[in-house]
Number of protein chains: 2
Amino acid sequence: MSQGEPGIELDTSLGYMLKAAASALHSALEAVLRPLGMTITHYSCLELLAQRPGLSNSELARGAFVTRQSMNVLLQALERQGLVVRPAQAPVGRALPTELTALGRRQIKMASAAVRRVEQDMLANLNAGEQDQMRRLLAACIASLTEPPASAT
Amino acid sequence: MSQGEPGIELDTSLGYMLKAAASALHSALEAVLRPLGMTITHYSCLELLAQRPGLSNSELARGAFVTRQSMNVLLQALERQGLVVRPAQAPVGRALPTELTALGRRQIKMASAAVRRVEQDMLANLNAGEQDQMRRLLAACIASLTEPPASAT
DNA sequence: TGACTCATGTCAGCAGTCTGACATACGGTT
DNA sequence: AACCGTATGTCAGACTGCTGACATGAGTCA
């Protein structure tokens, strides 16, 4: 663990730890969602719609961190299953505002509770101040990665 | 954006922010690795081998957060490309200790530098103390998610 | 009005990863 | 010595998500 070595120091690399944490969260979420017959993206889509009804396919894709093509496939499946509805024609532009059905709302309710439990597990050993700090730090990382073009003023 | 709604509050949910940060990092890494003809898992495998020569397929899989089946497919490809070598027979048990070739070492050198730059970009606005704090927080989250069976004392 | 740019929805093909299954090798137990 | 549980390597099939491509609709500017 000296520093003269080439490459990144895995055990202390924040990039690696971030990936490790995301992976652990991913696995934990999969574990609780599988019994409900849902995948993580499936859940993400429904959760987004529960909180922001009327989102379009592209907006959902950005919110769930997948391409709009992937989200489109998922939405078509969810539509077939009667969990969401989309108008046949766009009220404006091409965007089709999506809404949850009653069935969809029932599904997301169960899933959301399970996901909340996982998140609480994850934060079990962090007090409120530490959680705030973590929000700050993650937000800073996201910002730095997202808008690095905003340099060289 | 109000807080009376059901479900998880996306904008403040640490689970969601963790996913967002991981996704941003993932995209940034893809962007710098693609010109080098490498995927993230491809890079991860080589980086692990650079720092811990002799890792087995299963160990590499755990380190790169994929299944051993996926890593096996990748290793076979890397072997064909002459980036890594594995003995034809296991010296002990079934585990095949993998090593980088000279070509593999050359590849990982370029990639590692690029990845390091991305990580530094990500942490550009965090001082040393904040980075330490973030390590602590992420480690706590990982631990809580990994060994939650240690409850109900 | 017409041209250009941008965002969106959608189709098709491809790459990466996962689950399921099986055989092999080690270690501890009976 | 025989047995059992665990870990590993590997093959095969299925699935998910991504890239590439195209058409449509809205906004901007000359």
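Within every chain, numbering begins at 1; the chains are lettered A, B, ... in the order of the sequence lines, protein sequences first and strands thereafter.
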May I have the distance from A:Leu60 (atom CG) to D:dG17 (atom P), rounded to whole angstrom?
14 Å

Report whether A:Leu75 and A:Val85 are members of the same hydrophobic cluster (ILVMFWY, side-chain heavy atoms less than 4.5 Å apart, transitive linking).
no

Closer than 3.5 angstrom, by distance alone: can the side chain of B:Gln131 be matched with the main-chain N or O of B:Leu126 as a donor-acceptor pair?
yes

Looking at every non-hydrogen atom in both residues, tell me the closest pair between B:Tyr43 and B:Met38 and how far apart they are.
CA-CE, 3.5 Å

Would you please confirm or rule out a distance under 4.0 Å between OP1 or OP2 of C:dG9 and any side-chain N or O of A:Asn57?
yes

Please determine whether a side-chain nitrogen or oxygen atom of B:Thr39 lies at a distance below 4.0 Å from atom OP1 or OP2 of C:dG16.
no

Might you work through the side chain to side chain contact (heavy atoms under 4.5 Å, CB included) test for B:Leu46 and B:Gln107, ending with a clear yes or no?
CA-CA 8 Å; B:Leu46 264 46; B:Gln107 267 226 345; 3.9 Å; yes

May I ask you to list the residues of residues 63-74 of chain A, by number, that have any heavy atom positioned under 4.0 Å from an atom of DNA chain C?
A:Arg68, A:Gln69, A:Asn72

Look at all strands and tell whether A:Thr41 reaches a base, only sugar-phosphate, or nothing, counting heavy atoms closer than 4.0 Å.
sugar-phosphate

A:Arg62 CZ to D:dG17 P: how many Å, rounded?
18 Å

For DNA chain C, which residues of residues 83-98 of chain B approach it to below 4.0 angstrom with any heavy atom?
B:Gly93, B:Arg94

Is the backbone of A:Gly63 close enough, under 3.5 Å, to the side chain of B:Tyr16 for a donor and an acceptor to pair up by distance?
yes

Using whole Å, report how far OH of B:Tyr43 lies from P of C:dG16.
18 Å

Do the side chain of A:Thr98 and the main chain of A:Leu55 share a donor and acceptor less than 3.5 angstrom apart?
yes

Output the rounded distance in Å from CZ (A:Arg80) to P (C:dT10).
12 Å

In short, A:Glu99 meets A:Pro53 closest at the heavy-atom pair OE1-CB, 3.6 Å

To the nearest angstrom, how far is A:Arg34 atom CZ from D:dT16 atom P?
11 Å

Heavy-atom closest pair, residues B:Ser70 and B:Thr67
OG-OG1, 3.0 Å

Closest non-hydrogen atoms of A:Glu130 and A:Asn125, given as atom of the first, atom of the second and distance, are OE1-O, 3.7 Å

